[in-house]
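Here's the structure we're looking at; comments come further down.
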Amino acid sequence: MDLTHVRALLSELDGTCLDPDRPRSAFGPPEQLASNGVLFTAGSAPRDIWVHSGLGATVDATVVATDTPLTLIDLCSMTANTILGINDPWVKLKQASFLASSQPHYLTARMGHDLTYRIARRILGCFRDIDDPDDYVVNLRQCNGSDAVELALHAAWKAAASTPERRKLATFRGSYHGENLTANWVSEHQPGRLLADAPDNVIFFPTPEPGDAQQLSASALSTLETLERDGDSFFAVIIEPIQWRNSVHTVPLEFLRRLRDVCTRKSICLIFDEMQNAFGYTGSISYAGTTGVSPDISAISKALTSGHGSLAIIVARRKYREIESPFGAKSNSGNMLALVAVDAVLDRLLGLEGAERQMLPAWLPSGLAAELRDGLLASAYPRAVALVDELLAELRRRFPTLIGAPRGAGLVRGLVLLDADGRPSTRLAAATAKVCLTHGVYVRQADTAVLLKPCIVLTGEETAVALDALTKTFDDILRLRDEH
Ligand SMILES: Cc1ncc(COP(=O)(O)O)c(C=O)c1O
């Protein structure tokens, strides 16, 4: 995308210490990676790929060990859920415009700014529930998904303060809600425990599975019956609509509907952990928009800023608006550039608001201007989903014994890897996530599956390159499987 006018402004930085392309260190990539052991903790160090630049789903990189250039197709939205891909021009322009002004770069929760109110109104505009007149409120002051999960639980807990018999929290096998202590306690996918065992009021129900002929499985029905019978002892239920760490398992819609019903009847707070599906990945801003099933509290992060700053939020029905002090406003959530990013991401996904459509700069590339008028959810989302559908179908045709039926929904997809006996294999999924980078595509392991979460601006050419890279990857994995 050519933004010549903006580049002309920045040319004043060329050759100065502010030149963004100037090398920042005397060391090359091999020396830098060699110092991982003395610089970083485990789990946080870069590994084998060195990145130079990127646009959309395409990342220009080098394989450090061999010094080979690598064009990498990012099919996992960089883990931060960069729904708009890398270097979205509109988000960058809006941030650049804000940075060039004298607007505050940070604001503590005591101080107001027009942007905070604008974002609140825009997000709440996406959360109307036609079945319930109780409006939603928003907390824009969390940093990570784990914070938002914890705050959602605090809000539900506080609302139950006057009913001390409501002490239990329902959660599900296969869940992952983050890495802080609270999120740890309510997730199945957590390796360790810290300071204390999980509290005895966290009840793990089986993963909600479909049964035969579109019905629910016996265990899913039994969960609903338990909540129906014992509902008065639960203050909340927390659920991910798509459990990505559970081999990208989509909770059956019928289960969500019936869960909503039982929670309403029993006055249990229904919390959706929407870290993975919100802000574009299933075609709407929230899963309620995709399915018509509305939570009492939605916890969202990641795709909110598309990777342009860290921010997490909860959107809660008004009756869950009380938050016990001192919770509710994390220090680093006051970064205004993250709010600018949310505003820009909403522009991109939904299209510009009313009068602003007439106010686009004349020099903006016509493709970008058209996208900003229509919104990517209406224009690009169906195209991106069709590309992914076709990619997954073709991979299954090419590797019928290695790949199971695609899982997930929209742009949150999984491919289960099968061993020689047709059983789902974590070993092969892990090997795929490792090998894929060397062939030029990034996917992540999700238990027995690999997770594919491409950005909404994925192109046909990128998909073709990804197909080629995944074909080479699965050829390797097939050899590995059959030699074993
Ligand atoms: C479903 C879900 N919930 C919560 C989190 C925690 O988010 P964060 O890593 O931003 O704390 C994640 C992170 O991957 C997630 O996938």
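In what follows, residues are counted from 1 in the order of the sequence shown. In each ligand, atom 1 is the first atom listed, and ligand 1 is the first ligand listed.
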Shortest protein contact, [atom] (heavy atom only):
atom	result
atom 11 (O) of ligand 1	Ser146 OG, 2.4 Å
atom 3 (N) of ligand 1	Asp273 OD2, 2.7 Å
atom 10 (O) of ligand 1	Gly145 N, 2.8 Å
atom 14 (O) of ligand 1	Lys302 NZ, 3.0 Å
atom 12 (C) of ligand 1	Tyr176 CE2, 3.6 Å

Gln276, any N or O under 3.5 Å of ligand 1 N or O: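 There is such a contact, yes.
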
Has Glu179 got any heavy atom lying under 4.0 angstrom from an atom of ligand 1?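 For ligand 1, residue contact (heavy atoms, under 4.0 Å) with Glu179 is absent.
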
Option among Leu451, Leu415, Leu452 that satisfies the side-chain contact (heavy atoms from CB on, under 4.5 Å) test with Val248: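 In the set Leu451, Leu415, Leu452, the residue that makes a side-chain contact (heavy atoms from CB on, under 4.5 Å) with Val248 is Leu451.
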
Other residues, nucleotides, ligands: >12 heavy atoms within 6.0 Å of Asn335 CG: yes

Side-chain touch [X]/[Y], heavy atoms, less than 4.5 angstrom:
X	Y	answer
Val416	Ile403	no
Asp273	Ile239	no
Phe272	Ile297	no

So, using side-chain hydrogen bond (donor to acceptor under 3.5 Å, both in side chains) as the criterion, who are the partners of Ser44 when residues are at least two apart? Thr41

Can you tell me which portion of [X] lies within the under-4.0 Å heavy-atom range of ligand 1? Options are side chain, backbone, both, or neither.
X	value
Arg245	neither
His177	backbone
Trp244	side chain

Any atoms of ligand 1 less than 4.0 Å from a non-hydrogen atom of Glu240? List them with their elements. 1 (C)

Within 45° cone of Phe235 ring axis and under 6.0 Å: Arg166 NZ or CZ: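 Geometry flag: not set, cation outside 6.0 Å or 45°.
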
Distance to the ring centre below 6.0 angstrom and angle to the axis at most 45 degrees; does that hold for Lys266 and Phe234? no

